[in-house]
Amino acid sequence: MKSIKKKIIILFVILLAIPVVNSYLSTVKIASFKNINRSNDFGTLKTSTTYTDPIIIDDDNPLLDWANRSAEGICIGSGTSGDPYIISNDVINTTGAYGFLIKDSRKFFKILNCNVVTSSTYGIALYNTTNGIVEDNQLSNTSFGMDINNCSDIIFRNNNCSFLGTTGILGSDSKDLSFYSNIANNNTNYGFNLDNLENCIFEGNTVNYNSFSGLRFMTCNLLTITGNIANGNYYGINYGASDNSSIKDNTCEDNSNTGIYLDNSDYCSVSGNKVKDNAVFGIELMICKNNTIIDNEAFGNIFSGIRLFGSNDNRLESNNCSHNGEDGIGIFAGSRRNVIKGNIASHNNLSGFFLFIVTEHNLIYDNMASNNLQHGIYMSGSDSNLITSNNANNNTLNGIQLYLSNSNSITSNKASNNLLNGISMSESDNNLITMNTANGNTLNGIFLFSSFGNIITTNTANHNVNGTNLVSSDNNIIFRNNLANNMYCYNETNSFGNIYEENICTAPSVPVSGLDPFVLGMIIGLAIGLGALALVVIFSLVRGRKK
């Protein structure tokens, strides 16, 4: 009886084990299949070899072509897309011009996991070559890690080209190249130095602490530059005379000049980048047009977060440019027809937005320009701009300041609780100031100095000392404003020919000459002092009579 029970238990255990064993065998088969597939991807890699002569592949030279070098054991494969030539795991320690040289090649190839330790000029040089993968290589002790000229359809991935005599990766006159996750740090000149490239990708590369630029591009077109780290260089990304590209989600910090610099480059998108703590600007556009600068973070830069110089028809939108050493966003020197929308420019050491010298026909709207140590928005020598629907509150000087700026439209802005004035104009003529709110400023809601022919209408300026205050300003029109609950509705000093009509007033409604807040304070103080003196005299006389 015990024997029968024992047999039944054994049979039951065997039946339970069969699915488990099948599952295990299936897993082993899948794992083996994956390993086989991975091995097929890379071919049967040859063992490591140390070369003291350069490896040269010249597919126009029968003595040096791929087939001949394969017969010599330098590479394996047949040069097709499914079976590329592979050079792998070698150490190249040579003198002369090159460690590797591949030229005039159309075969499919891979250079994998090689260590190029050489006093050559170029570690790996590819000339007039296509259809390659260059991956996981270490290059050291050369002037240039890689030199790429007149090439296409090559992927460069996970290569290290650092601490070199000149440049990590040099490229020119090429198209359809891809650079992923390469490292080019601490080089004497550039991390990457690239000229005349088209339709190339630069993604996830690290280019730190190079003496010049981390990534330098010149006369390039249709590039994608995304997710790179370019810290501690002179320029993080230097993009010159290059068009139609995307510069996105890069980190450019602590560079000794500018994080991202575009020079004479058009139709580019610069978005989602972090450009912080650079010694000059976060992002600068120099003589550029039709670019989109959107969703960038530009904090802690020594000068401006973003600056445009001589640049037209660009769009700056939804950038955060705060805590910079000068202005949040600066528009300089003949920059025209730019659209500045939805940006935050707060807590900067100068102004949130600064327009300077012949910046005309720009649209500045729906921005936040608060808590800056000077002005929210400051225009100097700038005409015919539209400043609308911005928030310029709580700044240390004025909410909006115009100096030597004419024919601008300042409309529907909030300029309240500033330490001096809500809106201030100095030597600025023929401007339209309408539908703004300028409440609770320490001095004036709207202040004009030596400014003529301006129209101030339909504004709300409450709870200031003066609703409007004009000094040496003639022939301005102030009508249909809400100037309630100020110490004075409006005030004038040495001003003539101004027209006041249909304003709402709950304070003295006739312009008073000479009673600005400072003088008024002196008068009130003098009256209080004289009153106190009179009381003392009367009290003394009364005491004397009693005695």
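Each residue takes its place number in the sequence, starting with 1.
A donor-acceptor pair shorter than 3.5 Å cannot be found between the side chains of Asn231 and Asp254. Side-chain atoms of Asn128 and Arg106 form a donor-acceptor pair, as typed in the model, at a separation below 3.5 Å. Between the side chains of Asn372 and Asn395, at least one donor N or O lies within less than 3.5 Å of an accepting N or O. When only modelled atom types and interatomic distance are considered, Asn362 and Asn338 share a side-chain donor-acceptor pair under 3.5 Å. Between the side chains of Asn238 and Tyr190, no donor-acceptor pair is found at a separation under 3.5 Å. If you check the side chains of Asn418 and Asn398, you find no donor sitting under 3.5 Å from an acceptor. At a cut-off of 3.5 Å, with distance as the only test, a side-chain donor of Asp195 or Thr219 sits close to an acceptor on the other residue. Side-chain contact annotation: Ser105 with Thr129, donor-acceptor N/O pair under 3.5 Å absent. Side-chain contact annotation: Asp153 with Asn131, donor-acceptor N/O pair under 3.5 Å absent. In summary, the side chains of Asn205 and Asn182 do present a donor paired with an acceptor at a separation below 3.5 Å, with no hydrogens or angles considered. Side-chain polar atoms of Asn441 and Asn421 form no donor-acceptor pair below 3.5 angstrom. Between the side chains of Asn393 and Asn417, not a single donor N or O lies within less than 3.5 Å of an accepting N or O. With hydrogens and angles left out, the side-chain atoms of Asn301 and Asn324 include a donor and acceptor closer than 3.5 Å. No side-chain N or O of Asp173 forms a donor-acceptor pair with one of Asn150 less than 3.5 Å apart. Side chain to side chain, Ser322 and Asn320 meet the donor-acceptor criterion of an N or O pair below 3.5 Å.
Between the side chain of Thr258 and the backbone N or O of Glu284 there is no donor-acceptor pair closer than 3.5 Å. Side-chain N or O atoms of Asp90 include none that pairs as donor or acceptor with a backbone N or O of Ser48 at under 3.5 Å. Within the 3.5 Å criterion, the main-chain N or O of Ala230 finds a donor-acceptor partner in the side chain of Asn255. When atom types are taken as modelled, the side chain of Asn185 and the backbone of Ser162 share no donor-acceptor pair closer than 3.5 angstrom. A donor-acceptor contact shorter than 3.5 Å is absent between the side chain of Asn228 and the backbone of Asn250. Here the side chain of Asn319 pairs a donor or acceptor atom with the backbone of Asp295 at under 3.5 angstrom. A donor-acceptor contact shorter than 3.5 Å links the side chain of Asp243 to the backbone of Asp266. Checked by atom type and distance alone, the side chain of Thr396 never pairs as donor or acceptor with a backbone atom of Gln374 at under 3.5 Å. Listed for the Asn273 side chain is no donor-acceptor partner under 3.5 Å among the backbone atoms of Cys252. Without hydrogens or angle criteria, Ser451 side chain to Phe449 main chain gives a donor-acceptor distance under 3.5 Å.
For Tyr378, the ring pair (Phe, Tyr, Trp, His ring centres under 6.0 Å) criterion is met by Phe354, His375, not counting sequence neighbours. Residues meeting the side-chain contact (heavy atoms from CB on, under 4.5 Å) test with Asp249, sequence neighbours left out: Thr226. Residues meeting the side-chain hydrogen bond (donor to acceptor under 3.5 Å, both in side chains) test with Thr118, sequence neighbours left out: Thr94, Ser120.
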Give the intermediate values and the outcome of side chain to side chain contact (heavy atoms under 4.5 Å, CB included) for residues Phe353 and Asn343. CA-CA 10 Å; Phe353 298 85; Asn343 303 281; 4.1 Å; yes
Yes or no on side chain to side chain contact (heavy atoms under 4.5 Å, CB included) for Val134 and Ile124, after CA distance, side-chain angles and deciding distance? CA-CA 9 Å; Val134 181; Ile124 297 175; 4.1 Å; yes
Working note: Tyr239 + Phe217, criterion ring-ring contact (aromatic ring centres under 6.0 Å, His included); need CA distance, chi angles, decisive distance, verdict. CA-CA 5 Å; Tyr239 200 75; Phe217 303 91; 5.6 Å; yes
Evaluation steps, salt bridge (Lys or Arg N to Asp or Glu O under 4.0 Å), between Glu135 and Lys110: CA-CA 8 Å; Glu135 184 171 9; Lys110 297 181 180 181; over 6 Å; no
Take Asn187 and Thr167 through the side chain to side chain contact (heavy atoms under 4.5 Å, CB included) test and state the conclusion after the steps. CA-CA 6 Å; Asn187 296 295; Thr167 295; 5.8 Å; no
Evaluate the criterion side chain to side chain contact (heavy atoms under 4.5 Å, CB included) for residue pair Ile102 and Phe109; output intermediate values, then yes/no. CA-CA 10 Å; Ile102 301 175; Phe109 72 92; 3.8 Å; yes
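Checked against the 6.0 Å centroid criterion, the rings of Phe202 and Phe179 qualify as a close aromatic pair.
In this structure, the separation between CG on Asn221 and CG on Asn244 is 4.5 Å, given to the nearest 0.5 Å. The CZ atom of Phe356 sits 10.0 Å away from atom CG of Leu404, with the distance rounded to the nearest 0.5 Å. If you take CD1 on Ile329 and CD1 on Ile364, they are separated by 8.0 Å, rounding to the nearest 0.5 Å. Distance CD1/Ile340 to CG/Asn314: 8.0 Å, rounded to 0.5 Å. Between Thr292 atom OG1 and Arg315 atom CZ the span is 7.5 Å, to the nearest 0.5 Å. Rounding to the nearest 0.5 Å gives a distance of 11.5 Å between CG of Leu126 and OG of Ser152.
Tyr127 OH: more than 12 foreign heavy atoms inside a 6.0 Å radius. Counting heavy-atom neighbours within 6.0 Å of Lys289 NZ, excluding the residue itself, gives a total of 12 or less.
For the residue pair Ser211 and Thr188, the shortest heavy atom distance occurs at CB-O, 2.7 Å. Residues Cys200 and Asp176 approach most closely at SG-N, 3.8 Å, considering heavy atoms. Here the closest heavy-atom approach between residue Leu164 and residue Leu139 is recorded as CD2-O, 3.7 Å. Across every non-hydrogen atom of Ala392 and Gly376, the tightest pair is CB-CA, 4.4 Å. Summarising the geometry of Ser405 relative to Ser428, their closest heavy-atom pair is O-CB, 2.9 Å, with the distance given to 0.1 Å. Annotation for Gly240 and Ser265: closest pair C-OG, 3.7 Å, computed over non-hydrogen atoms.
We find that Lys341 and Asp366 are not joined by a salt bridge, their nearest charged nitrogen and carboxylate oxygen being 4.0 Å or further apart. Look at Lys276 and Glu297 and you find a salt bridge, because one of the NZ, NE, NH1 or NH2 atoms lies within 4.0 Å of a carboxylate O, short of that distance.
Residues Val270 and Asn296 are in side-chain contact: their nearest non-hydrogen atoms beyond the backbone lie under 4.5 Å apart.
None of Thr460, Thr411, Asn459 except one satisfies the side chain to side chain donor-acceptor pair (under 3.5 Å) rule with Asn436; the exception is Asn459. When the options Phe303, Phe309, Tyr261 are evaluated for a side-chain contact (heavy atoms from CB on, under 4.5 Å) with Phe281, the one that passes is Phe303.
Taking the six-membered ring where the residue is Trp, Tyr122 and Phe144 present parallel rings, their angle staying beneath 30° rather than reaching 60°.
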